[in-house]
Number of protein chains: 2
Amino acid sequence: MGNKEPLLSELENFFQALSDKTRLEIVLLLLEGEKNVQELSASLGKSQSLISHHLACLRNCGAVKVRKVGKFVYYSIADDHVKDILSRAIDHVSEYSKSILSCEIVSQEKGQGVKAEQTETR
Amino acid sequence: MGNKEPLLSELENFFQALSDKTRLEIVLLLLEGEKNVQELSASLGKSQSLISHHLACLRNCGAVKVRKVGKFVYYSIADDHVKDILSRAIDHVSEYSKSILSCEIVSQEKGQGVKAEQTETR
DNA sequence: AGCTCATATGAACATTTGTTCATATATTTT
DNA sequence: AAAATATATGAACAAATGTTCATATGAGCT
């Protein structure tokens with residue numbers, strides 16, 4: 001019953017890689033197929049440097065893989081695990097935001113959303 | 001092309017909720033079953049305030065759900081989507097760290113690790 | 001050889017995030 | 001009623017993170 005530390009750190013790194021809008025835009029593009037840095041940079045309208053930094057982050061946790069062709073570097077989603085995680089996460093947030101919307105008719109507040117409280121103010 | 005902004009923000013929030021060691025410890029405990037705040041606080045040896053803050057984060061993205069019983073609040077994993085995502089992520093990082101280890105046998109302790117590979121730690 | 005193109009990386013800065021402490025709210029008990 | 005218990009939340013500060021700018025590496029071309 002070992003030390004869970006390494007597992008925790010690796011999970012942390014993995015999820016953290018996916019917890020940024022730019023990196024999510026990258027992986028969503030990569031779900032459509034392999035792309036090199038320029039293509040990503042152009043599609044997202046963001047600098048090459050920024051894209052490269054984010055790709056380094058996605059590489060480090062094994063979310064994407066690399067194929068070099070001459071001076072081009074093509075990136076793609078690492079494996080089916082990652083694809084599954086992404087598609088399930090998309091399903092989850094889609095369902096969850098629907099459930100939020102149906103509640104927000106009542107609470108016009110933004111930000112915290114619904115926070116599952118049936119604690120009526122008496 | 002539809003506006004992907006809301007989807008991106010929700011994915012970002014969701015993954016970000018899972019990208020912290022303490023919150024991961026919480027959800028891993030919750031995978032074993034429903035627990036209230038004190039139980040989580042005691043199991044992890046961390047303050048009630050800290051656990052509550054992190055639970056708020058996990059609630060806001062729909063990763064956990066809540067059941068109030070008197071003055072106790074029981075938390076559990078929100079649904080099978082989230083359970084699946086967690087178990088696949090665990091599989092992914094397990095495989096990935098194995099593949100890293102098998103490469104590090106070659107690069108002995110000292111040098112820069114593997115060449116232009118995806119081994120990069122910051 | 002030089003030059004250009006594609007990508008990677010380091011440093012600096014501004015923003016964000018996690019943790020702690022103090023306090024608020026809600027429920028039960030005395 | 002007050003006190004005790006369980007949880008939530010706000011403010012403040014340290015640490016981590018994303019972005020930009022400048023520069024480095026490396027491959028193809030003339």
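All chains are named by letter (A, B, ...) in the order of the sequence lines, taking the proteins before the strands, and each is independently numbered beginning at 1.
- With rounding to whole Å, A:Leu55 atom CG is found 9 Å from C:dT7 atom P.
- Under 4.0 angstrom from either OP1 or OP2 of D:dA6 there lies no side-chain N or O belonging to B:Tyr75.
- A straight line from CG of A:Leu44 to P of D:dG18 spans 16 Å, rounded to a whole angstrom.
- Candidate nucleotides D:dT7, D:dA22, C:dT20 were compared by shortest atom distance to the side chain of B:Leu50, and C:dT20 ranks first.
- Per the stacking criterion (ring centres < 5.5 Å, plane angle < 30°), A:His53 does not stack onto the base of D:dT19.
- Separating the NZ atom of B:Lys68 from the P atom of C:dT25 is a distance of 14 Å, rounded to the nearest angstrom.
- Distances shorter than 4.0 Å separate some side-chain N or O of A:Arg59 from OP1 or OP2 on C:dT9.
- Between B:Tyr96 and B:His92, the ring-plane angle classifies as parallel under the 30° and 60° cut-offs.
- Both A:Leu44 and A:Leu18 are part of a single hydrophobic cluster, where members link through side-chain heavy atoms under 4.5 Å apart.
- Judged by distance alone with a 3.5 Å cut-off, a donor-acceptor contact links the side chain of A:Ser49 to the base of D:dC21.
- The distance between atom CG of B:Asn36 and atom P of D:dA8, rounded to the nearest whole Å, is 10 Å.
- When rounded to the nearest whole Å, the span between NZ of A:Lys21 and P of C:dT15 equals 16 Å.
- Under 3.5 Å, the side chains of A:Thr22 and A:Lys46 contain a donor-acceptor pair of N or O atoms.
- If you check every strand for non-hydrogen atoms under 4.0 Å, B:Gln38 touches sugar and phosphate atoms only.
- Residue A:Thr22 places at least one side-chain N or O under 4.0 Å from the OP1 or OP2 atom of D:dT19.
- A donor N or O paired with an acceptor N or O is not found under 3.5 Å between the base of D:dA6 and the side-chain atoms of B:Gln48.
- Along DNA chain D, the nucleotide nearest A:Arg23 and the nucleotide nearest A:Lys71 are compared for position; the residue whose nucleotide lies closer to the 5' end is A:Arg23.
- A:Glu12 approaches B:Ser19 most closely through the heavy-atom pair CG-O, 3.5 Å.
- Residue contacts shown for B:Tyr74 are absent, as no nucleic acid heavy atom lies under 4.0 Å away.
- For A:His54, the listed nucleotide lying nearest its side chain is D:dG18; candidates were C:dT7, D:dA8, D:dG18.
- B:Lys46 places its NZ atom 12 Å from the P atom of C:dG18, with the value rounded to the nearest Å.
- To the nearest angstrom, P of C:dT27 lies 13 Å from CZ of B:Phe72.
- Distance CZ (B:Arg67) to P (D:dA6): 17 Å, rounded to an integer number of Å.
- Nearest to the side chain of A:Gln16, among D:dG18, D:dT17, C:dA8, sits D:dT17.
- Looking at A:Arg23, its side chain does come within 3.5 Å of a backbone N or O of A:Ala17 through a donor-acceptor pair.
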